[in-house]
Amino acid sequence: MSRLYNIAVVGASGAVGEEIFRILEEQNFPVGDILPLASARSVGEEVECCGNIYKIEELTEDVFEGRDIDIAFFSAGGSISEKYAKYAVEAGAVVIDNTSHFRMDPEVPLVVPEVNPQDILAWREKGIIANPNCSTIQMVLALKPLYDLYGGIKRVDVSTYQATSGAGKSGMEELVRQMQEFFAFKLDESEHKAFQHQIALNVIPQVDKPMENGYTKEEMKMTNETTKILGASVPVSATCVRVPVLRSHSEAVTVTFADDIVVDVEQVRLSLNNFEDVEVMDNLEQGIYPMPIIATDSDITYVGRVRKDIFQDNILHMWVVADQIRVGAATNAVRIAKKWIELEDI
Ligand code: A2P
């Protein structure tokens with residue numbers, strides 16, 4: 001990393017945008033200039049990064065022109081990426097897109113840097129690299145070492161316990177507001193915007209919109225993205241559930257290997273622990289396992305409750321927890337940017 005890079009952040013006032021500034025600073029990213037962008041509502045608001053203060057500007061079609069932006073992080077929703085990513089690319093930037101808009105485009109690499117870093121090289125096709133769905137990222141980080149250990153995966157069944165942060169700042173604020181109203185005896189069950197139902201003191205078995213096959217869009221993202229990232233057809237059947245947690249997702253993952261595999265739990269733990277940015281936390285006797293309160297504010301994907309199925313030797317169960325805003329979004333995006341710089345320097 002010999003030079004400095006000018007960075008634009010679209011969605012600078014949002015939960016992921018704010019975290020990107022923090023991570024750039026923490027990781028001593030070679031930051032040159034910063035261009036924070038959001039809607040007209042946020043113009044003039046200040047953001048801090050690497051010891052400097054920057055004022056948010058409005059995202060417009062020509063805002064990237066003449067700004068010499070090298071890397072543009074987009075985190076303001078799919079429709080914004082659909083409309084504006086091309087202007088950043090035309091102005092010479094590589095776009096790292098946090099939304100679902102480009103993920104399944106065959107000309108756009110979908111990258112978790114610890115899993116498929118080499119795919120970044122395809123960024124030139126469209127000038128865009130897609131950041132996977134938050135639930136997919138933490139799951140594939142735990143699946144990849146096991147895929148390598150046993151030479152493939154026959155199928156995956158996963159149930160998620162997804163935090164409100166997945167719906168952005170307004171999702172977290174809705175949970176806090178409803179809890180405050182509950183304690184003030186003022187909670188009105190009909191008042192909800194970010195989620196389909198009241199989220200406080202509730203569990204909602206729907207994340208994102210329904211699809212024709214009976215799954216939700218979030219569930220199908222996990223299915224389709226996993227195969228694209230692992231570069232091999234891995235059948236994933238997901239049930240995605242929203243829970244009243246602020247910002248870390250948990251997942252109960254069941255992995256079925258080929259019929260002749262006998263799962264060795266110790267070997268599984270070793271493989272997971274040796275994998276970059278994954279840590280095993282697993283001692284049921286002592287009550288040690290990952291939980292949202294442990295993963296929040298961390299860049300690690302934690303795995304616990306690792307056990308062989310009681311009926312079938314080729315089936316493994318595990319519990320995977322990671323900070324949705326960091327591992328599931330901002331950290332992965334910054335890791336992509338670092339890898340992109342490394343690969344471009346070669
Ligand atoms: P703003 O705060 O000005 O509305 P979150 O995911 O936490 O909800 O954040 C969404 C981010 O996307 C915010 O920074 C928000 O900016 C930004 N955003 C939403 N709509 C637009 C838009 N039309 N143009 C630019 N940025 C937008």
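First listed ligand is number 1; within each ligand, the first listed atom is number 1.
- Looking from atom 14 (O) of ligand 1 to the surrounding protein, the closest heavy atom is Ser13 OG, 2.7 Å.
- Counting heavy atoms of neighbouring residues, nucleotides and ligands inside a 6.0 Å radius, atom CD1 of Ile310 does not exceed 12 of them.
- When only non-hydrogen protein atoms are considered, atom 17 (C) of ligand 1 lies nearest to Ala76 CB, 3.7 Å.
- At a 4.0 Å heavy-atom cut-off, ligand 1 touches Ala12 through the backbone alone.
- Of the protein's heavy atoms, Arg41 NH2, 3.7 Å lies nearest to atom 20 (N) of ligand 1.
- Atom CD1 of residue Ile34 and atom CD1 of residue Ile20 lie 10.0 Å apart, to the nearest 0.5 angstrom.
- With hydrophobic clusters built from ILVMFWY side chains whose heavy atoms lie under 4.5 angstrom apart, Ile137 shares a cluster with Val303.
- Following chains of ILVMFWY side-chain contacts shorter than 4.5 Å, one cannot reach Leu230 starting from Ile336, and the two form parts of different hydrophobic clusters.
- The single protein non-hydrogen atom nearest to atom 6 (O) of ligand 1 is Gly168 CA, 3.7 Å, given as residue, atom name and distance.
- Considering backbone and side-chain N/O of Val10, none are found under 3.5 Å from N/O of ligand 1.
- Taking distance alone, with nitrogen or oxygen atoms compared against 3.5 Å, Lys169 approaches ligand 1 more closely than that limit.
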Quick one: side chains of residues 79-91, donor-acceptor pairs under 3.5 Å with protein atoms, not counting sequence neighbours, listed by atom name and distance.
residue, atom, partner, partner atom, Å
Ser81, OG, Asp97, OD1, 2.6
Ser81, OG, Thr99, OG1, 3.4
Lys86, NZ, Lys83, O, 3.4

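- Residue-ligand proximity, Ser42 to ligand 1, at heavy-atom distances under 4.0 Å covers atoms 1 (P), 2 (O), 3 (O).
- With a heavy-atom cut-off of 4.0 Å, Ile56 does not touch ligand 1 at all.
- Between Glu114 and Lys144, no side-chain nitrogen of the basic residue sits less than 4.0 Å from a carboxylate oxygen of the acidic one, so the salt-bridge criterion is not met.
- Atom 22 (C) of ligand 1 has Ile80 CD1, 3.4 Å as its closest protein atom, hydrogens excluded (heavy atom only).
- The N/O atoms of Gly14, backbone and side chain alike, include one that comes under 3.5 Å of an N/O atom in ligand 1.
- Of the charged side-chain nitrogens involved, none lies within less than 4.0 Å of a carboxylate oxygen, so that Glu225 and Lys228 do not count as a salt-bridged pair.
- For a threshold of 3.5 Å applied to N or O pairs, the pair formed by Leu59 and ligand 1 contains no separation below that value.
- Under 4.0 Å is where a charged nitrogen must lie from a carboxylate oxygen, and between Arg3 and Asp70 at least one such pair does.
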